[in-house]
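Comments concern the structure below.
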Amino acid sequence: MPGRVGPAGFAHHPPATGLQPALKSGPRRRWGVPQFQSSHAPRGTARAVARRHHGYTDSMSVRTRVAPSPTGDPHVGTAYVALFNHVFARSRGGQFILRIEDTDQQRSSSASETAITEALRWAGLDWDEGPDVGGEFGPYRQSERLALYRRHADELVASGGAFPCFCPRERLDELRRRQQANRETPRYDGHCRNLDPAESRDRVVSGETHVVRLDVPETGVCQFSDEIRGAIEIPWQQVDMQILVKSDGFPTYHLAAVVDDHLMGITHILRGEEWLSSMPKHRLIYDRFGWSLPSHYHLPLLRNADGSKVSKRRNPTGLNYYRRIGYLPEALRNYLALMGWSMPDEREIFSTEEMTAAFDSDRLTTGGPVFDLAKLDWLNGQYIRSMATDEFMRRVADWAINRENLAALAPLVQQRTERLVDLLPQVDYLLGDRATLDEDDFAPLRLDADDCLRVLDHIGRRLDAQDAWDRDALQAAIRSLADAMDIPTRDFLAPLFVAVAGRTVALPLFDSMAYLGRDMVRSRLASALTALGGVSKKKAKRLERDYADLQIDET
RNA sequence: GUCCCCUUCGUCUAGUGGCCUAGGACUCCGGGUUUUCAUCCCGGCAACAGGGGUUCGAGUCCCCUAGGGGACGCCA
């Protein structure tokens, strides 16, 4: 049964040829595969530990991973994928690994890596191996594994599975333009594949700038299986000769992930559905190295209310938003578990431990779930109400009402306080949610509603491009925007006050924003925009253009 | 545009050919308990995208159409 993993794990895969007969199509439940009984077996922790000591040689051990790219704020989608990998591994007594995919030198940052690991830890998704905890398959940061990728890329080139490509960007841009004009799928034309191997070796040796591309068959179809969908075929025609090594010597995702998954002994890959169309490339790389293909499960993508892939413009996607606004990690995990999976007994409130004990990948669903916060609110309430009072108090303190947190607020409020009761009304929008807005809240301002909307939209764009999130950096960023838009600071800031604090008189704006954090500010800007009538697709296009035309002084 | 994936109440889902007069949960609406509010309890609205087949029998299997999504980067 190709592609299907039994209890014995990946060692039982047939040799991967890529040319196996098509699997019987239809849903996986008709394949007649015996159900793996993990859901009814005891956790077997002792056995799992014993297995771990066998290391490489023990093919029984299930290993999964989550592999975020440290190029931004911790994303709820990362937690979603991490949850399922975590539960899958633990339900079979295996290991769950965190790997940092920092192969994009321009965009990766260690600040982002730290934020992501902290947020995942807050979410309660701990890992057995990772950059911060070590493990015998390390290092777990791809930027520290470059020699490994280099060696494998060389091997691929030597065996003819990949080739150096010297095409300048201009040629590729031109090629793409022409193909798009002819309504063809943009695809590398194989120019450098046809070079004389000796010549191209010389050019590489002489130090000429180049990338390494995957050689892809011209005809036929690639067959593979997705464990929650069944057999899938994609014509090789559709598959581009993907760059495997960039001109800076760093690998792309496709090479690095495959090499690492193999070397780290990953047996099951649960990842977002967006990777489905990359499967042929990955399968090709596995085959060319003669490696067995792990089982793949492509989880449905979380969606906005309109069905599109969840995005920060339309939804709070930052994990820190959920933390700051006071969702409990266990409630968030419970909610995420409901996105594409269900308990055998249809229970909807359950712990991650209960989920792990009952986990059965056959209960994974395929439709893209809308990330709708109403149900999370209800779930979170259920968790809060069922807590012991002591526990509740502890959680409140963990959340925000504590000494450390008040220390950040004290300098802002002390000079503005005569009686201690004056304190609460000042910090209401910092400790609590700010009032719900409507258009009237903006009416008294100097700018009209249209201008308010434009200002808030542009502030949102400006802040999305803003790395540092402290008072001075925020002030500089927003001042420069006000200058570029040629609006007096006082008038410019008023709608921002309303958006952030719900009123025009409040604690210092940039301190407030620094305190609230990026995710909370973004969500308040978004709801303010909605109060101002919202931004239609057409309007968004125009605003984007207007923003791009601004001459913002970055100094 | 090309390829791939997906499609059950507004939302999350149950459904593995007869147990489906399609079940549960959230939201919403109505009622009850409660000094208010919230909780809690009870009730209600609400779905198999459309069309063909296969079958004694189709939400479930097959095909087509439509709609949605994703991919098509020296991003991951």
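Residue numbering restarts at 1 for every chain, and letters A, B, ... go by the order of the sequence lines. The analysis underlying the following values was restricted to heavy atoms, covering all of them including side chains, and did not include hydrogens, waters or symmetry mates. Remember, predicted model here, so these are calculated numbers, not experimental data.
A sub-4.0 Å separation between OP1 or OP2 of B:G68 and a side-chain N or O of A:Lys309 is absent. Taking side-chain N and O atoms only, A:Arg176 has a distance below 4.0 Å to OP1 or OP2 of B:G73. Residue A:Ser342 places at least one side-chain N or O under 4.0 Å from the OP1 or OP2 atom of B:A14. Phosphate contact (OP1/OP2 of B:C75, side-chain N/O of A:Lys246, threshold under 4.0 Å): present. An OP1 or OP2 oxygen of B:U7 is reached within less than 4.0 angstrom by a side-chain nitrogen or oxygen of A:Thr366. OP1 or OP2 of B:C40 has at least one side-chain nitrogen or oxygen of A:Gln382 nearer than 4.0 Å.
Heavy atoms of A:Thr103 sit under 4.0 angstrom from primed sugar atoms or phosphate atoms, though from no base atom. No engagement by A:Leu379 is indicated, since no non-hydrogen atom pair under 4.0 Å with the nucleic acid exists.
The listed nucleotides are B:U13, B:C5, B:A25; the one nearest the side chain of A:Lys375 is B:A25. Among the nucleotides B:A76, B:A14, B:C74, the one closest to any side-chain atom of A:Arg169 is B:C74. Ranking B:C74, B:U39, B:C3 by closeness to the A:Ile234 side chain, first place goes to B:C3.
For B:U7 and B:C64, the C1' atoms lie 15 Å apart once the distance is rounded to whole Å. On the C1' atoms, B:G51 is 15 Å away from B:G67, given to the nearest whole Å. With P as the reference atom, B:A47 and B:U21 are 16 Å apart, rounded to whole Å.
Side-chain N/O atoms of A:Glu273 and base N/O atoms of B:G69 include no donor-acceptor pair closer than 3.5 Å.
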